[in-house]
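For reference, the structure is listed below as structure tokens.
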Amino acid sequence: MPIKASRVRFWLLDINFEMRLGTPEIWLWGTCNGERILLLEREFKPYFYLVISEEPRSVLPALRSESQKLGERVEFQPLERNFFGRPVKVIKVICTNPETMGNLAQRLSKVKGIDESLEDDIRLSTRYLIDTGVTPCSWHVADVRRAENPPEVIADKVYSLVGPPEKLDEGGLPDLRIMSFHVVSLGGSGSLQQGKEPLAVISVDGSLKRPRQFFKGDGEDREALASFIKYVKEYDPDIIAGYGANQGIWQAIMYRAQHRGLKLTVDRAFSEPHSSLYGHISITGRVGLDLIDVAKEMPSLDVERLDYFARYLGLSVKEELMDFEEADLSDLWASGDKKPVLKYSAQNAQIIAEAAEFLLVFLTQFSDLVKLPLDHVVAAAVGFRVESYLMAFAHKAGELIPKRIGRDYAPYAGGLVLNPKPGMHKDIAVIDFTSMYPNLMIKFNISPDTYAEEPAKDLNVAPEVGYGFRKSPDGFYKQALRSLVSARRDLVAKLKGLGPATTEHKLLEARQRAVKIITNAMYGYCGWVGARWYAKPVAEATAAWGRSVILRTIGLAKSAGLEVIYGDTDSIFLRNDPAKIAKVLSDVGEEIGLEARPEKVYRKLLFTEAKKKYCGLLSTGEIDIVGLEAVRGDWAGVAKRAQTKLIEIILREEDVEKATAFMRQFVAQVLKGDVPKRDLVIWKTLTKPTEEYEVKAPHVEAARIMKEKGWQPNVGDKIGYIVVKGDGKLYQRVRPFAFMKGFEPDYIYYVQNQVVPAAARVLSIYNVDESSLIA
DNA sequence: GCCTTATGTATACCA
DNA sequence: ACTGGTATACATAAGGCG
């Protein structure tokens, strides 16, 4: 019977692998022209490498017999590869079962003549992406035929791949179906504990269908859950977005479904959401996005509250719908006043859908660049994103991928920070080096594979630390960085010719941003002990070159007759004398061979003795606050607001009297209790389970109280607490901000330990005493 | 036992 | 679960005193 072949074009949404009919099968979920398709690949075989120091024929018989003993059908291919820049002889071991591959590799690596096994720790779906160049969130064409024995899935068509898909050089997104969801459960106090309590309401939204809400009637939540599952099937979303979804919301829903005898088949393969590689919940055939992961990476958000996040993205939020604590949701619901709860949840679902839509371009570009599926790229830590990029890059360069191994933490010296000249400075220019570390790594060819352990000719030798790096050939990091830097240059050049509001512009701008992030993370990655391409000398030498560059720049500034007021790692602060600055910049280019640029100019700039903390009035008229309490998330709003106002008075009006008077009045107001409660909340991150803390701490104590009340604070959550009146240590006087009933804020604490120290930090320059603020 | 000082733990920031 | 450098607060241990 002739096999009808055809060609399909698709955008890759998700990839997974299944053992089916005894064979590993790669599943590619694609979308195109409004159709959802599943492409099956049954021919792709798992494999790994054995590094040998002898001739292949002397080890092959032993390898054959060992694999026979294990009952594995394998094929051996002697090959040449590079490992850390050195040519190595390897045997590629192609096997059949990815699940037993690790064990096989371990056994075969013990055979005499085998040095080690490599790449046996790479998952099959990752392997497939690396080897074929197939890329998530990117367009492809593929030759396909109708699948025989297609699996039971939700898809318009199921095909078998005739060969690997070919990646197309096309940008743009297909029409993706985004669905969002938000859940309110009836825990003891409105929390999503372990799903022990019924769900009050599940809200869904998205651009495709009208928003809906499924809620519990008088009885239980079975109906709501069943309707939710049905709705997802009808909607058939490509992306399911939630907020905190990976941190208990899916678990709670799953628990409830199980409790009510329902199977939570919200994926495209009639199975249930399951936990995946980066601690996230994976939904086969769809992309499960937890936007809280995105929020946690936004440094300007003190607290990852959904409404703050939404406002930060520029989305409109109806404040009146958020006007109660989450802790009160349960009571409200129980009191029969369900309307505000429903409205609140509906708005949240709407915000999540809008945020997902807003972020989609950037996230898909990021996924495409580093070759991690969309749900993975959002959930994965920075180091794994860089690593994913490098793994694909290594394969293209014929380099073997090092194993992930456990190492002990090994610190080294980093950037140089100068002592600031305290006081008020006028007309100060900041010059800094553009992408200093990446450029140093390129310039001196700093890479694990160019590192010369023995002294040799023609090396770049790092100052202070003395590590040598071969000048040629180009090292692995240099190749990767150069490709990133040139990609970014091209993108930026293309952007200039485009209208700012066009789809193309948006796409390239997002791409450019993704490239920049990976470029700048490369140095940190190479000094991370968990990195596959970890090399301490690389990180250490880069930092040492950085220190020498900044020191030499200081020298050049001084010879040009400029006073250096401050400097940190890759920047120096100088008197803004344009002619002299220009001289310094050209000297830097000539003598150091790196680009430094004037970054900004301060009309006025204020330093205390402390490093990394200052504030200034920029030439643009803006106030810039760096490192001070006003920009720290772990200070109460009262202190931050007071300090900000104070800084404005001092910088704009230079009136210390007025500033002091303002502070006195502010302090009096706080002592009267005339301050919004939310300005008293102090937020701190719970960095480990409460039991693991060695000393008592206020936010840990607050988290413990939350637990008692039925809440489940997770590691990584920010705990908001208020200091209340009472006796004992500070940690004995805190309440989670949502549980203030019967407690009164300790305004004296807020004055003495928050407002006054924050103000004094700035006023101390003018010899204003702390006590004079309390009068 | 009480007070003062030194040290350690914890967090968030800057680059 | 990318790096080191830095400031700061509070808890706790250690030291001093009588």
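For Lys640(A) and dA12(B), the NZ to P distance is 11 Å, given to the nearest whole Å. Glu692(A) has its CD atom 10 Å from the P atom of dA10(B), to the nearest Å. Rounded to whole Å, the distance from CD1 on Ile682(A) to C1' on dT11(B) is 13 Å. Here the P atom of nucleotide dC14(B) and the CD1 atom of Ile625(A) are 11 Å apart, to the nearest Å. Taking atom CD of residue Glu629(A) and atom P of nucleotide dC13(B), one finds them 11 Å apart after rounding to whole Å. Rounded to a whole Å, the NZ atom of Lys684(A) is 12 Å from the C1' atom of dT9(B).
Among the protein residues, Phe607(A) comes within range of no part of the nucleic acid, since none of its heavy atoms lies under 4.0 Å from any strand. Counting any heavy atom pair closer than 4.0 Å across all strands shown, Gly415(A) reaches sugar-phosphate atoms only and no base atom. As judged by a 4.0 angstrom heavy-atom cut-off over every strand, Ala380(A) is placed among residues making no nucleic acid contact. Across all strands shown, Asn520(A) has no heavy atoms under 4.0 Å from either base or sugar-phosphate atoms. Backbone-only contact: Tyr693(A) has heavy atoms under 4.0 Å from sugar-phosphate atoms and none from a base. Within 4.0 Å (heavy atoms only), Gly524(A) reaches at least one base atom of the nucleic acid. Residue contacts for Ala521(A): at a heavy-atom cut-off of 4.0 Å it reaches a base atom on one of the strands shown. Within the 4.0 angstrom heavy-atom criterion, no nucleotide atom of any strand lies near Pro299(A). Contact annotation for Arg761(A): backbone-only contact, meaning every heavy-atom pair under 4.0 Å involves sugar-phosphate atoms and none involves a base. At a threshold of 4.0 angstrom between heavy atoms, the contacts of Thr542(A) with the nucleic acid are absent. Across all strands shown, Val631(A) has heavy atoms under 4.0 Å from sugar-phosphate atoms exclusively, and none from any base. Among the protein residues, Tyr437(A) comes within range of no part of the nucleic acid, since none of its heavy atoms lies under 4.0 Å from any strand.
For the pair Lys688(A) and dA10(B), the criterion of a side-chain N or O lying under 4.0 Å from OP1 or OP2 is met. Taking side-chain N and O atoms only, His699(A) has a distance below 4.0 Å to OP1 or OP2 of dT11(B). A sub-4.0 Å separation between OP1 or OP2 of dC14(B) and a side-chain N or O of Tyr566(A) is absent.
Ion pairing between Arg761(A) and Glu629(A) holds under the 4.0 Å rule for side-chain N and carboxylate O.
Proximity of the aromatic rings of Trp683(A) and Tyr721(A) is defined here by a centroid distance below 6.0 angstrom, and this criterion is not met. A ring-centre distance under 6.0 Å is found for Tyr243(A) and Phe309(A). Side-chain rings of Tyr525(A) and Trp533(A) stay apart, their centers remaining 6.0 Å or farther from each other. Checked against the 6.0 Å centroid criterion, the rings of Phe444(A) and Phe469(A) do not qualify as a close aromatic pair.
For the pair Lys688(A) and Tyr693(A), the cation-pi criterion (under 6.0 Å, within 45° of the ring axis) is fulfilled. In this structure, Arg305(A) forms a cation-pi arrangement with Tyr308(A), its terminal cationic atom sitting closer than 6.0 Å to the ring centre and no more than 45° off the ring axis.
Residues Leu556(A) and Val584(A) approach most closely at O-CG2, 4.1 Å, considering heavy atoms.
Contacts with DNA chain C (heavy atom under 4.0 Å) in residues 531-540 of chain A: none are found.
Looking at Tyr602(A) and Ser619(A), their side chains never bring a donor and an acceptor atom within 3.5 Å of each other.
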With salt bridge (Lys or Arg N to Asp or Glu O under 4.0 Å) as the criterion, how do Asp717(A) and Lys684(A) come out once you've worked through the C-alpha distance, each side chain's angles and the decisive distance to 0.1 Å?
CA-CA 8 Å; Asp717(A) 283 357; Lys684(A) 275 200 168 80; over 6 Å; no
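Along DNA chain C, read 5' to 3', the first and last nucleotides having any atom under 4.0 Å from a heavy atom of chain A are dA1(C) to dT12(C).
If you run salt bridge (Lys or Arg N to Asp or Glu O under 4.0 Å) between Asp568(A) and each of Arg547(A), Lys612(A), Lys611(A), only Lys612(A) comes through.
Nearer to the 5' terminus of DNA chain C, by closest-nucleotide assignment, is the contact made by Lys612(A) (compared with the other of Lys612(A) and Val695(A)).
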